[in-house]
Structures are given as C-alpha cells and as structure tokens.
Amino acid sequence: MSKPLIVITGAGSGIGAATARLLSAQGHPLLLLARRLEKLQELALPETMCRKVDVTDRDALMDAVREAEERFGPADAIVNNAGAMLLGRVADQGAEEWDRMIDLNVKGVLYGIRAVLPGMIARGTGTIINISSIAGRKTFPNHTAYVGTKFAVHAMSENLREEVASSGVRVVTIAPGAVETELLSHTTDERIKKDYEAWKTSAGGALDPQTVAEAIAYAYHQPQNVTIREIVLAATGQQS
C-alpha cells in the first residue's frame, strides 16, 4: 500500500461514513466497522475491509484489526467514532440507556485504542482520533448521562496523549457541536427529540458530516511531530 491503513468505527453513516469516503479518496486502505454491514458495503470503497462489529465486543474488534493489518499492513490511525446519544432526564430515563452509552461511548473507545496502540508504540508512530462532542466540554439540558460519557472521552484522550507523547503517538480529540447524523433518532423521548430539533433550527442548522470529516483529515495529515490536540467546531449560529 502506498498509504497506511486507517480504522474507522461507526462507519456506516454520518461522520464515520463521510470520513471513510474522504480518506479513501486520499488513497488510504480502510477497515470500516459498524453493526450494519450493509451500510458499509453500500459505500463501495476500494481497498476497504468491511466488518460487522459492535465496538463493545472487545474480542471481535481486536480480531477485525488483526485481519486488516495482515492484509494492508499496520494501522497508522484509528478514528473512534462509534457512539450513542440517548437523551433523557435522569429521574426517568431507563438505566439501560445509561449502560448502552457507557459501554459504547467510553468502553468502546478504550477497546478501539487498545486494538491499535501497542503496535503504534512499538513502531514509534500512529494517531488516535477520538470523536467526542461539545457536550464533552459543557453541559446541556437532558444530556446528563451523555455528557458524562463525552467528558470521559475528553479526559481519557488528554491523559492518553500525555501517556504516549514520548512514544511518538498522537492523540486528537474532535469535539463537534450539533451534526446532521442519525444520533438523535435513537432518543426515545419524543418531546426531547422535538425540542432538540427546534434548537438546531434556531441555530441555523447543524454541521454537515463532511465538515467534521475534513477536520479529522486536517488533524491526521499534519506532520507526525505535530499534534492538533483538540478541534472544537460547530455551526456559527450555535450559541451553546
């Protein structure tokens, strides 16, 4: 391969799919992971391995990365994009929704990191890109559990960056505001979903996933001795 392998989780739609299209167009072989294999296959990207993997399944994630590395060579980057946004009030939100977000948004990120990091440290190069949110920097109504998981992503990313900086491995946090993705559709409280959509409209709309993909590519394509530690981006009209 003329360019190195990049792993993208949650690549079936939204930011993940946009990032896959962009990095593929730039010549990178890819490992794309998602729970919906058909969505990955619909992208029809060259030099791409698609696997049906839930990132909460640590062994399946590790196995997929090993398989891709055998075919394309070592993973030079991972974009930990898979996540869930289940909005609700703590007083009445189902605890199973908290469990799902913690498993996916926190443990899934850790599993993705573990799948590639030992090899990166051994080679003295590599990039971990974790997709967080502005909700990892400030709070929002009805976001308590989700905010907790995204604050965790920010904290883990910065601590990891300090841990591996001397090894030549970079850690980048991408923190978008509202983005036009499927995330909101998984929220079960219809009133909260309606209020969120109204909030997006009042801000003049949300970001296009392609815009976030370009921020990811910008951070990744810096020289290896340059780390863009964090990129925060949102629609201009988004005040909070």
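Computed from a prediction, not measured in an experiment: that's the story for all the values here.
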A.B. asks: Do any N or O atoms from the side chain of Thr149 and from the backbone of Tyr146 form a donor-acceptor pair under 3.5 angstrom?
C.D. replies: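 Flag set: sc Thr149 to bb Tyr146 pair under 3.5 Å.
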
A.B. asks: Looking at every non-hydrogen atom in both residues, tell me the closest pair between Gly12 and Ala17 and how far apart they are.
C.D. replies: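 Nearest heavy atoms, Gly12 then Ala17: C-CB, 4.1 Å.
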
A.B. asks: Looking only at non-hydrogen atoms, find the nearest pair between Ser24 and Leu45 and report the distance.
C.D. replies: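 Scanning both residues completely, I find the closest heavy atoms to be OG-CB, 3.8 Å.
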
A.B. asks: Show the numbers, then the answer: is there a side chain to side chain contact (heavy atoms under 4.5 Å, CB included) between Ser13 and Thr181?
C.D. replies: CA-CA 7 Å; Ser13 63; Thr181 71; over 6 Å; no

A.B. asks: Report whether Ile134 and Met101 are members of the same hydrophobic cluster (ILVMFWY, side-chain heavy atoms less than 4.5 Å apart, transitive linking).
C.D. replies: yes

A.B. asks: Taking the side chain as C-beta and beyond, is there a heavy-atom pair between Lys138 and Ser240 under 4.5 Å?
C.D. replies: yes

A.B. asks: Are the side chains of Tyr218 and Ile231 in contact, using a 4.5 Å heavy-atom criterion?
C.D. replies: yes

A.B. asks: Would you say the side-chain atoms of Ser157 pair up with the backbone N or O of Thr173, donor to acceptor, closer than 3.5 Å?
C.D. replies: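 The answer is no, because no donor-acceptor pair under 3.5 Å joins these two groups.
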
A.B. asks: Any chance you could measure Glu158, atom CD, to Arg229, atom CZ, to the nearest 0.5 Å?
C.D. replies: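 That separation rounds to 6.0 Å.
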
A.B. asks: Are there over 12 heavy-atom neighbours, none belonging to Arg35, within less than 6.0 Å of that residue's CZ?
C.D. replies: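 No, because the 6.0 Å sphere around CZ of Arg35 holds 12 heavy atoms or fewer from other groups.
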
A.B. asks: For the backbone of Ala84 and the side chain of Asn105, can you confirm whether one donor and one acceptor N or O come within less than 3.5 Å of each other?
C.D. replies: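 Pair found, side chain donor or acceptor close to backbone of Ala84.
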
A.B. asks: Using a 3.5 Å distance criterion without hydrogens, assess whether the side chain of Gln222 forms a donor-acceptor pair with backbone atoms of Ile228.
C.D. replies: no

A.B. asks: Between Val109 and Ile129, is there shared hydrophobic-cluster membership here, with clusters defined by ILVMFWY side-chain heavy atoms closer than 4.5 Å?
C.D. replies: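 Different clusters: Val109 never reaches Ile129 through Ile, Leu, Val, Met, Phe, Trp or Tyr contacts under 4.5 Å.
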
A.B. asks: Would one find more than 12 heavy atoms of other residues, nucleotides or ligands at under 6.0 Å from atom CD of Glu38?
C.D. replies: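 Result for CD/Glu38: enclosed.
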
A.B. asks: Is there a donor-acceptor pair closer than 3.5 Å between any side-chain N or O of Thr9 and the backbone N or O of Leu33?
C.D. replies: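 No; zero donor-acceptor contacts below 3.5 Å.
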
A.B. asks: If you apply the rule side chain to side chain contact (heavy atoms under 4.5 Å, CB included), what do you find for Glu230 with Val172, and how did you get there?
C.D. replies: CA-CA 6 Å; Glu230 182 179 359; Val172 178; over 6 Å; no

A.B. asks: For Asp76, give me all partners under salt bridge (Lys or Arg N to Asp or Glu O under 4.0 Å), at least two apart in sequence or on another chain.
C.D. replies: none

A.B. asks: Evaluate whether atom CZ of Arg89 has more than 12 neighbouring non-hydrogen atoms of other residues, nucleotides or ligands under 6.0 angstrom away.
C.D. replies: yes

A.B. asks: Are His28 and Tyr220 close enough that their ring centers fall under 6.0 Å?
C.D. replies: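 Yes, ring centres under 6.0 Å apart.
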
A.B. asks: Got a donor-acceptor contact below 3.5 angstrom from the Thr48 side chain to the Pro46 backbone?
C.D. replies: yes

A.B. asks: Between Thr19 and Ile15, is there a donor-acceptor pair closer than 3.5 Å when you use the side chain of the first and the backbone of the second?
C.D. replies: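 Checked: pair present.
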
A.B. asks: Is there a side-chain contact between Val55 and Asp57 in this structure, where contact means two heavy atoms from C-beta onward sitting under 4.5 Å apart?
C.D. replies: no

A.B. asks: Distance check, rounded to the nearest 0.5 Å: Gln93 atom CD versus Thr188 atom OG1?
C.D. replies: 7.0 Å

A.B. asks: How far apart are the closest heavy atoms of Leu22 and Ala217, and which atoms are they?
C.D. replies: CD2-CB, 3.7 Å

A.B. asks: Are the side chains of Val7 and Val79 in contact, using a 4.5 Å heavy-atom criterion?
C.D. replies: no

A.B. asks: Using the rule that two of Ile, Leu, Val, Met, Phe, Trp, Tyr join whenever any of their side-chain heavy atoms come within less than 4.5 Å, decide whether Ile128 and Met156 are in one cluster.
C.D. replies: yes

A.B. asks: Which atom pair, heavy atoms only, marks the closest approach of Met120 to Ala75?
C.D. replies: CE-O, 3.7 Å

A.B. asks: Got a second to check how far Glu69's CD is from Leu31's CG, nearest 0.5 Å?
C.D. replies: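 It comes to 9.0 Å.
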
A.B. asks: To the nearest 0.5 Å, tell me how far Leu104 CG sits from Asp99 CG.
C.D. replies: 12.0 Å

A.B. asks: Within the supplied structure, the quantity of interest is the number of heavy atoms (other residues, nucleotides, ligands) at a distance under 6.0 Å from Lys107 NZ; does it exceed 12?
C.D. replies: no

A.B. asks: Should Val169 and Leu110 be regarded as members of a common hydrophobic cluster, given that ILVMFWY residues are connected when their side-chain heavy atoms come within less than 4.5 Å of each other, either directly or indirectly?
C.D. replies: yes

A.B. asks: Check whether Asn142 reaches the backbone of Gly88 with its side chain - one donor and one acceptor, N or O, closer than 3.5 Å.
C.D. replies: no

A.B. asks: For residues Ala206 and Ala178, report the shortest heavy-atom separation together with the two atoms involved.
C.D. replies: CB-O, 3.3 Å

A.B. asks: Do Asp189 and Lys193 meet the salt-bridge criterion of a basic N to acidic O distance under 4.0 Å?
C.D. replies: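 No salt bridge links Lys193 with Asp189.
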
A.B. asks: In Å and rounded to the nearest 0.5 Å, what is the CZ to CD distance from Arg21 to Gln26?
C.D. replies: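 Rounded to the nearest 0.5 Å, the CZ-CD separation comes out at 13.5 Å.
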
A.B. asks: Evaluate side chain to side chain contact (heavy atoms under 4.5 Å, CB included) for Leu61 paired with Arg58, printing each intermediate quantity in order.
C.D. replies: CA-CA 5 Å; Leu61 178 51; Arg58 182 173 64 247; 5.8 Å; no

A.B. asks: I'd like to know if the side chain of Thr187 reaches the main chain of Leu87, judged simply by a donor and an acceptor atom lying under 3.5 Å from each other, with no hydrogens or angles considered.
C.D. replies: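 Side chain of Thr187 to backbone of Leu87: a pair is present.
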
A.B. asks: What are the two closest non-hydrogen atoms of Ser167 and Ile121, and how far apart are they?
C.D. replies: OG-CG2, 3.9 Å

A.B. asks: Side chain to side chain donor-acceptor pair (under 3.5 Å) between Asn130 and Ser132: does it pass, once the steps are laid out?
C.D. replies: CA-CA 6 Å; Asn130 295 330; Ser132 184; over 6 Å; no

A.B. asks: Charged N to carboxylate O below 4.0 Å: is that the case for Lys200 and Glu197?
C.D. replies: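 Result for this pair is yes, salt bridge flagged.
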
A.B. asks: Working to the nearest 0.5 Å, report the span between CG of Leu30 and CG of Leu43.
C.D. replies: 9.5 Å

A.B. asks: Restricting to ring pair (Phe, Tyr, Trp, His ring centres under 6.0 Å), what partner residues turn up for Tyr196, sequence neighbours left out?
C.D. replies: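 In terms of ring pair (Phe, Tyr, Trp, His ring centres under 6.0 Å), with neighbours along the sequence ignored, Tyr196 is linked to Trp199.
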
A.B. asks: Within the distance-only criterion (no hydrogens, no angle test), does the side chain of His143 pair as donor or acceptor with the backbone N or O of Pro141 below 3.5 angstrom?
C.D. replies: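 Indeed, once roles are kept as given, a pair shorter than 3.5 Å links the two residues.
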
A.B. asks: Taking side chain to side chain contact (heavy atoms under 4.5 Å, CB included) as the criterion, tell me which of Val116, Leu5, Ile78, Val53 meets it with Val65.
C.D. replies: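 Among Val116, Leu5, Ile78, Val53, the one meeting side chain to side chain contact (heavy atoms under 4.5 Å, CB included) with Val65 is Val116.
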
A.B. asks: For Glu67, check salt bridge (Lys or Arg N to Asp or Glu O under 4.0 Å) against everything at least two apart and list the hits.
C.D. replies: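 Scan of Glu67 (salt bridge (Lys or Arg N to Asp or Glu O under 4.0 Å), adjacent residues dropped) gives Arg51.
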
A.B. asks: Go through the steps to decide whether Ile174 and Leu233 satisfy the test side chain to side chain contact (heavy atoms under 4.5 Å, CB included), and finish with yes or no.
C.D. replies: CA-CA 8 Å; Ile174 306 291; Leu233 65 161; 4.2 Å; yes

A.B. asks: So does Arg100 pair up with Asp103, basic N to acidic O under 4.0 Å?
C.D. replies: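 A salt bridge is absent here (no side-chain N lies under 4.0 Å from a carboxylate O).
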
A.B. asks: Out of Thr227, Thr127, Asn225, Thr125, which one pairs with Arg170 under the side chain to side chain donor-acceptor pair (under 3.5 Å) rule?
C.D. replies: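 The side chain to side chain donor-acceptor pair (under 3.5 Å) with Arg170 is passed solely by Thr127 among Thr227, Thr127, Asn225, Thr125.
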
A.B. asks: Under a 4.5 Å side-chain heavy-atom rule over Ile, Leu, Val, Met, Phe, Trp and Tyr, are Val212 and Val153 clustered together?
C.D. replies: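 No.
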
